Q: 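One structure coming up, written as structure tokens, with questions to follow.
Given the structure is predicted, the values throughout are model-derived calculations rather than measurements.
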Amino acid sequence: LEMPAPSPDEAGVTVSDYGCTARLSGTILRRTIRSDGVSVIVRIDSVDIQLQLKINQWISQDAPPKIWTHEAGHRIIAEHFYANADATADSIGHDRIGRQVRGSGTDSTTAANQALNSAAADITRQFMTEVRDPSEQVQEIYDRITHHGANPIDEIDAITQALNESRKSLAGSRIASIRNFPAD
């Protein structure tokens, strides 16, 4: 993994890479043969979701301790959101079981796979919206509050402020009301 280009006021960079892979299985409920192939309706019977979080940090060896602590704050934020990622994924997955999805292809198997793969991609998108995106928002607020580690504020205080500010900005939104912000 190559270090991303830091902005001029950064002596370190932390990148949090959330992974979500969903595998679905289902039963073909209806199949329609058309002139251009087959369309199907598939009931989702099971959902298996694999999650991961990779955190990479690049910090200049001669960076002051404050920068090392600042970058550790980015790790803490990512881990904070990942702490309840399993529960979020479980909820998203359970919500899909029993749903019907449509697909098309050259044959029934291809059409069913297309339907299930599309539903799996939707699960990944929803997970990223509910976990990664709020984490990134807090990361940005944290950098603004700390001025990338240059401001004389305790990192834990800055993280708490960033979480609170993010909660306020999302107040009333569907994301904030669901499950994104694990208790501190």
Q: List the atom of Met128, the atom of Pro134, and the distance in Å for their closest heavy-atom pair.
A: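 Heavy atoms of Met128 and Pro134 come nearest at O-CD, 4.3 Å.
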Q: Taking the side chain as everything from C-beta on, heavy atoms only, tell me whether Asp122 gets closer than 4.5 Å to Val101.
A: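 No - every pair of side-chain heavy atoms lies 4.5 Å or more apart.
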Q: Hey, what do you get for NZ (Lys66) to NE2 (His70), rounding to the nearest 0.5 Å?
A: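 Output value for this atom pair is 9.0 Å.
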Q: Heavy atoms only: give me the nearest Gly19-Phe127 pair and the separation to one decimal.
A: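 Where Gly19 meets Phe127 most closely, the heavy atoms are O-CE2, 4.4 Å.
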Q: Quick one: does Thr110's side chain get under 4.5 Å of Gln114's, heavy atoms only?
A: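 In short, these two side chains do not touch, never coming nearer than 4.5 Å.
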Q: So do the side chains of Arg132 and Cys20 get within less than 4.5 Å of each other, counting heavy atoms only?
A: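 No, their side chains stay 4.5 Å or more apart.
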Q: Minimum heavy-atom separation for Gly26 to Asp45, with atom names?
A: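 That would be C-OD2, 3.3 Å.
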Q: For a quick test of reading the model, state the closest non-hydrogen atom pair linking Gly12 to Ile67 and the distance between them.
A: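 Heavy atoms of Gly12 and Ile67 come nearest at N-CG2, 4.2 Å.
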Q: Step by step, work out the side chain to side chain contact (heavy atoms under 4.5 Å, CB included) result for Ile159 and His80.
A: CA-CA 10 Å; Ile159 290 168; His80 174 80; over 6 Å; no
Q: Using a 4.5 Å cut-off on heavy atoms from C-beta on, say whether the side chain of Phe81 contacts that of Leu53.
A: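 No, their side chains stay 4.5 Å or more apart.
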Q: Hydrogens and angles aside, do Thr21 and Gln50 bring a side-chain donor and acceptor to less than 3.5 Å of each other?
A: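 No, no side-chain donor-acceptor contact under 3.5 Å.
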Q: For residues Ile141 and Ile77: do they belong to one hydrophobic cluster (side chain heavy atoms under 4.5 Å, members Ile, Leu, Val, Met, Phe, Trp, Tyr)?
A: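 Not linked; separate clusters.
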Q: With rounding to the nearest 0.5 Å, note down the distance linking CZ in Arg30 to OG in Ser108.
A: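 Here the rounded value is 13.5 Å.
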Q: Going from CG on Leu116 to CZ on Arg96, what distance comes out if it is rounded to the nearest 0.5 angstrom?
A: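 The distance works out to 12.5 Å.
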Q: Hey, which of Asp143, Thr14, Thr146 is the one that makes side-chain hydrogen bond (donor to acceptor under 3.5 Å, both in side chains) with His74?
A: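 It is Asp143, the one option of Asp143, Thr14, Thr146 that forms the side-chain hydrogen bond (donor to acceptor under 3.5 Å, both in side chains) with His74.
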Q: Can you check whether Glu71's main-chain N or O pairs, donor with acceptor, with Gln57's side chain at less than 3.5 Å?
A: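 Checking the backbone N and O of Glu71 against the side chain of Gln57, a donor-acceptor pair under 3.5 Å is found.
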Q: More than 12 non-hydrogen atoms from neighbouring residues, nucleotides or ligands closer than 6.0 Å to CZ on Arg31, yes or no?
A: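 Open.
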Q: Under the criterion side chain to side chain contact (heavy atoms under 4.5 Å, CB included), I'd like the reasoning laid out for Thr88 against Leu51: C-alpha separation, chi angles, the key distance, then a yes or no.
A: CA-CA 11 Å; Thr88 301; Leu51 303 175; over 6 Å; no
Q: I need the Ile92 CD1 to Asp95 CG distance, nearest 0.5 Å.
A: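 Here the rounded value is 8.5 Å.
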Q: Tell me the closest heavy-atom pair linking Ile49 and Ala89, and the distance in Å.
A: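 Distance-wise, the nearest heavy atoms are CD1-O, 3.4 Å.
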Q: Side-chain contact test, heavy atoms from C-beta onward, threshold under 4.5 Å: evaluate it for Tyr142 versus Glu155 and give yes or no.
A: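 Counting from C-beta outward, Tyr142 and Glu155 do come under 4.5 Å.
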Q: Around atom CD1 of Ile33, are there more than 12 heavy atoms of other residues, nucleotides or ligands at under 6.0 Å?
A: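 Open.
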Q: Considering non-hydrogen atoms only, spot the tightest contact between Val47 and Gly93 and give its length.
A: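 Closest heavy-atom pair between Val47 and Gly93: CG2-O, 3.7 Å.
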Q: First locate atom OG1 of Thr124, then atom OH of Tyr18, and finally report the distance between them rounded to the nearest 0.5 Å.
A: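 That separation rounds to 15.0 Å.
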Q: With rounding to the nearest 0.5 Å, note down the distance linking CG in Asp133 to CD in Gln126.
A: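 So the gap between those two atoms works out to 11.5 Å.
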Q: Hey, any chance Ile41 and Val38 share a hydrophobic cluster, counting ILVMFWY side chains that come within less than 4.5 Å of each other, even indirectly?
A: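 The answer is no; the residues belong to distinct hydrophobic clusters.
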Q: Evaluate the side-chain proximity of Ile76 to Ile156: yes if any heavy-atom separation is below 4.5 Å, no if none is.
A: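 Side-chain contact under 4.5 Å: yes.
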Q: With a cut-off of 6.0 Å (strictly less than), are more than 12 heavy atoms of other residues, nucleotides or ligands near CZ of Arg99?
A: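 Yes, enclosed.
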Q: Just by modelled atom types, is the Arg125 backbone N or O under 3.5 Å from a matching donor or acceptor in the Thr129 side chain?
A: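 Yes, because the side chain of Thr129 sits within donor-acceptor range (under 3.5 Å) of the backbone of Arg125.
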Q: Ignoring hydrogens and geometry beyond distance, is a side-chain donor-acceptor pair present between Gln161 and Glu165 at under 3.5 Å?
A: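 Gln161 vs Glu165: no donor-acceptor pair found between side chains.
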